[in-house]
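First the structure, in the form of structure tokens, and then the observations on it.
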Amino acid sequence: MERTLVLLKPSTVMRGLIGEVTSRFEKKGLRIVGMKMIWLNDEILNEHYAHLVGKPFFPALKASMMRTPVVAMCLEGTDAIEVVRFITGYTNGRKAEPGTIRGDYCMSNQQNIVHASDSPTSAAIEIKRFFKPEELYDLGDLNMDRLYALDLS
Ligand code: IDP
Ligand code: MG
């Protein structure tokens, strides 16, 4: 069972899509084990997007991430990191496949609806960045038989 970090970006908040996008993850069968709104600042964004410092769009990206609070959520499931990236779709919304979240909800490369951790290493770091241990819940085997049936190992 894996956990991954998702942020619903300010474009999602401003466009009233929090419920719809959250619903995509829930309907897929990912379990929400932590969820809250946070207003991000320079410090956390410099850390979170450290791999993009120096890119020409970096200041605009940071400004766009601070326009409203974001919704941070920790999602749990078998192969959750890969599954969430797969249903999130390609970074640029104009190139993302229809059926993916970015493909269905945005036209932007920058304001592309969600952030999703891209590897087990970054998921572990990012979950810690946005959640204290006591803000994450253990749901035990709740609904597991319906979500996975005999897939469980
Ligand atoms: P990802 O979100 O698909 O993992 P990254 O390359 O990690 O993509 O970039 C992080 C975020 O930076 C993207 O989600 C997007 O908001 C923004 N971004 C990435 N590349 C560009 C670009 O070429 N122009 C504008 N914004 C970009
Ligand atoms: Mg990334």
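Keep in mind that the numbers below use all heavy atoms, side chains included, and drop hydrogens, waters and symmetry copies. Start at 1 and go down the list; that is how both ligands and their atoms are numbered. The structure displayed is predicted, hence computed values, not measured ones.
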Side chain Lys27, main chain Thr22, donor-acceptor under 3.5 Å: no
Close approach, Asp118 and ligand 1, non-hydrogen under 4.0 angstrom: no
Donor-acceptor pair, side chain of Thr100 and main chain of Ala96, under 3.5 angstrom: no
Region of Thr88 engaging ligand 1 - heavy atom pairs below 4.0 Å: neither
Donor-acceptor under 3.5 Å (Asn41 side chain, Ile44 main chain): yes
Ile81 backbone acceptor or donor facing Glu2 side chain under 3.5 Å: yes
Within reach of ligand 1, part of His48 (heavy-atom separation under 4.0 Å): neither
Selection from Phe57, Tyr90, Phe58 by shortest heavy-atom distance to atom 21 (C) of ligand 1: Phe57
Nearest protein heavy atom with distance in Å, relative to atom 4 (O) of ligand 1: Arg85 NH1, 2.8 Å
Protein heavy-atom partner closest to atom 16 (O) of ligand 1 - residue, atom, separation in Å: Gln110 O, 2.6 Å
Ligand 1 contacted by Met65 (non-hydrogen, < 4.0 Å): no
Trp39 side chain vs Met66 backbone, donor-acceptor pair below 3.5 Å: yes
N/O separation below 3.5 Å, His115 to ligand 1: no
Protein residue, atom and distance nearest to atom 17 (C) of ligand 1, heavy-atom basis: Leu61 CD1, 3.8 Å
Expected output: side-chain Arg67 to main-chain Pro10 donor-acceptor under 3.5 Å: no
Atoms of ligand 1, numbered as shown, that sit under 4.0 Å from any heavy atom of Asn112: 13 (C), 14 (O), 15 (C), 16 (O)
Carboxylate-amine/guanidinium proximity below 4.0 Å for Lys62 and Asp42: yes
Sub-4.0 Å atoms of ligand 1 with respect to non-hydrogen atoms of Lys9: 13 (C), 14 (O), 15 (C), 16 (O)
Spacing of Met73 atom CE and Phe130 atom CZ [to the nearest 0.5 Å]: 12.5 Å
Residue and atom name of the nearest protein heavy atom (relative to atom 5 (P) of ligand 1), distance in Å to one decimal: His51 NE2, 3.9 Å
Whether Gln111 lies under 4.0 Å from ligand 1, heavy atom: no
Short side-chain to backbone donor-acceptor contact, Arg102 and Ile87, under 3.5 Å: no
Which segment of Leu52 sits under 4.0 Å of ligand 1 when only heavy atoms are counted: side chain
Structural part of Lys55 in contact with ligand 1, heavy atom criterion under 4.0 angstrom: neither
Identity and distance of the protein heavy atom lying nearest atom 8 (O) of ligand 1: Thr91 OG1, 3.4 Å
Structural part of Tyr49 in contact with ligand 1, heavy atom criterion under 4.0 angstrom: side chain
Backbone N/O of Val33 and side chain of Glu76: donor-acceptor pair under 3.5 Å: no
Atom 15 (C) of ligand 1: the protein heavy-atom neighbour that sits closest, reported with distance to 0.1 Å: Asn109 O, 3.3 Å
Close approach of Arg102 to ligand 1, heavy atoms, under 4.0 angstrom: yes
Ser122 side, atom OG; His48 side, atom NE2 - distance, nearest 0.5 Å: 9.0 Å
Separation of Arg3 CZ from Phe131 CZ (nearest 0.5 Å): 10.0 Å
